[in-house]
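Values below: all heavy atoms of this structure, side chains included; hydrogens, waters and symmetry mates excluded.
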Amino acid sequence: MQIAAVQQEIQTARERGPLREIKIPPCPEHLRRLRAALALPQPDLNEVQAIAAEDVAMSATLLRVANSPVHLGGGSPCVSVGQAMTRLGLNLTAELMTGFLVRNAIPVNSPHLARFWERSSRRAAAMRLLAPKLPGLDADLASSFGLFQHVGMPVLLQSVRGYGATLVEGAARIDRPFVKTEDINHKINHAVVGALVVRAWGLPQPLMAAVRLHHDFTVLTDREIEPGVPLLVAAGLVAEQLMRRTESLPPDADWTAHGEAVLDWLHIHATELDEWADQLAELDAY
């Protein structure tokens, strides 16, 4: 399936299908500005700093991470946004700011999605960790995929009656994939809704396609899809497994069914996962 076909599927569902009733939160203006500043041939660091400084809570987030043990080392604590940006670097600064802005645009106040944004941020960190280890995986796109992979869930929770019960049922069932339970109960699933959010917010098309297909591992053998999409999907499953290892959780259904095939496709040896899980655990000092 080509990206254009994914785009058309979402467009049709939005116009005539179950997506008509889904309320998509608007993209935060600060996120639009941040993306524009980062997209320049020479990223506008002054604009990035100005965006962060306009929100006290976002500034506090950058300072908290910059002053955490993993970054502070033996140095002096940062006292300004500029100092925090210098210590963190542009990539991590942008990742933290994006996560902050998305969390505030799509709040989650439900026990059904406890720690949702915390885990999404950890998934983004896991994806960035994997980027230099997997040839061809763009770090910024990987981080965004980790953050937006399940963004359809809180949107559905806000828009669809009974979706909270579906979250509970889907997590408990072992006889079918989570998205199948969503489709049966609501004729829509979080992968499609998440792709709609990515499209509506003007984010990259490969990101939209990967969010749409992140539970469809036939994409690994699809010769029509752009190569960056299956790489994101495969890396996303590895990132989830790394997270579950650090959380002492059993493998999820996708890993049980497709983990071995994904490792083969990525040319990863299972022993490498232990090392990478340890590296991710170190990042949890954030």
Side-chain angles (χ1 to χ4, degrees), residues 25-108 115-133 137-149 151 201-204 207 235 239 242-243 246-247 275-286:
C27 180
E29 180 58 29
H30 278 160
L31 182 56
R32 293 186 187 279
R33 287 175 54 193
L34 176 63
R35 287 181 48 75
L38 296 173
L40 296 172
Q42 291 292 329
D44 188 342
L45 301 183
N46 290 331
E47 172 70 351
V48 175
Q49 182 173 337
I51 294 167
E54 288 175 11
D55 190 301
V56 173
M58 184 156 49
S59 298
T61 297
L62 295 179
L63 287 167
R64 174 179 58 80
V65 177
N67 290 329
S68 65
V70 73
H71 291 291
L72 182 60
S76 301
C78 296
V79 296
S80 70
V81 171
Q83 290 175 348
M85 287 176 56
T86 298
R87 178 170 292 169
L88 296 171
L90 181 59
N91 288 337
L92 182 53
T93 295
E95 180 180 306
L96 292 167
M97 291 174 65
T98 298
F100 177 90
L101 293 166
V102 176
R103 283 197 305 272
N104 283 273
I106 309 175
V108 176
R115 299 176 58 236
F116 177 83
W117 285 119
E118 177 186 339
R119 295 197 85 250
S120 295
S121 295
R122 291 191 70 233
R123 189 178 298 105
M127 289 293 288
R128 187 174 290 280
L129 175 70
L130 289 173
K133 307 176 189 302
L137 184 61
D138 178 82
D140 293 332
L141 197 61
S143 172
S144 295
F145 178 67
L147 187 65
F148 283 91
Q149 184 172 339
V151 74
W201 285 20
L203 301 177
L207 176 61
L242 293 179
M243 290 172 58
T246 63
E247 296 166 346
E275 177 185 348
W276 297 350
D278 290 341
Q279 293 174 7
L280 180 61
E282 293 176 4
L283 294 178
D284 287 344
Y286 293 170

> Which atom names give the shortest non-hydrogen contact between Trp117 and Ile106, and what distance separates them?
Replying inline: NE1-O, 2.8 Å
>> Taking side chain to side chain contact (heavy atoms under 4.5 Å, CB included) as the definition, give me every residue that meets it alongside Ala36, ordered by chain and number, with sequence neighbours left out.
In response: none
> Do Val102 and Trp201 have side-chain heavy atoms sitting under 4.5 Å apart?
Replying inline: yes
> When rounded to the nearest 0.5 angstrom, what distance separates CD in Gln49 from CG in Leu62?
Replying inline: 10.0 Å
> Do you know which two heavy atoms are closest between Leu90 and Leu38, and how far apart they sit?
Replying inline: CD1-CD2, 3.7 Å
> Taking only residues two or more places apart in sequence, or in another chain, which ones meet Ala37 in a side chain to side chain contact (heavy atoms under 4.5 Å, CB included)?
Replying inline: Asp44, Glu47, Val48
> side chain to side chain contact (heavy atoms under 4.5 Å, CB included) with Asp55: which residues, sequence neighbours excluded?
Replying inline: Ala57, Met58, Phe100
> Can you name the nearest heavy-atom pair linking Ala66 to Cys78, along with the distance?
Replying inline: CB-SG, 4.1 Å
> Taking only residues two or more places apart in sequence or in another chain, which ones pass salt bridge (charged side-chain N to carboxylate O under 4.0 Å, His left out) with Arg87?
Replying inline: none
> What are the two closest heavy atoms between Ala124 and Leu147, and how far apart are they?
Replying inline: CB-N, 4.0 Å
> Roughly how far apart are Glu54 CD and His30 NE2, rounded to 0.5 Å?
Replying inline: 4.0 Å
> Which heavy atom in Val79 sits nearest to a heavy atom in Gln83, and how many Å separate them?
Replying inline: N-OE1, 2.7 Å
>> The test is side chain to side chain contact (heavy atoms under 4.5 Å, CB included); show your working for Leu280 and Arg122 and say whether it passes.
In response: CA-CA 9 Å; Leu280 180 61; Arg122 291 191 70 233; 4.1 Å; yes
>> Looking at every non-hydrogen atom in both residues, tell me the closest pair between Ala277 and Leu242 and how far apart they are.
In response: N-CD2, 3.7 Å
> How would you list all residue pairs meeting salt bridge (charged side-chain N to carboxylate O under 4.0 Å, His left out) that involve residues 96-107, not counting sequence neighbours?
Replying inline: none
> Atom CG of Leu207 and atom CG of Asp140: how far apart are they, to the nearest 0.5 Å?
Replying inline: 11.5 Å
> What is the distance from atom CG of Leu130 to atom CH2 of Trp276, rounded to the nearest 0.5 Å?
Replying inline: 6.0 Å
> salt bridge (charged side-chain N to carboxylate O under 4.0 Å, His left out) with Arg115: which residues, sequence neighbours excluded?
Replying inline: Glu118, Glu247
>> Just to verify, what does Arg35 make a side chain to side chain contact (heavy atoms under 4.5 Å, CB included) with, not counting sequence neighbours?
In response: Leu31, Leu203, Pro204
> Residues in side chain to side chain donor-acceptor pair (under 3.5 Å) with Glu29, at least two apart?
Replying inline: none
> Looking at residues at least two apart in the chain, or sitting in another chain, which of them share a side chain to side chain donor-acceptor pair (under 3.5 Å) with Ser143?
Replying inline: Glu95
> Just how far is it from atom CD1 of Ile51 to atom CE of Met97, taken to the nearest 0.5 Å?
Replying inline: 5.0 Å
> How far does CG of Leu88 sit from OG1 of Thr93, to the nearest 0.5 angstrom?
Replying inline: 4.5 Å
> So, Glu275 and Lys133, do they make that salt bridge, N to O below 4.0 Å?
Replying inline: no
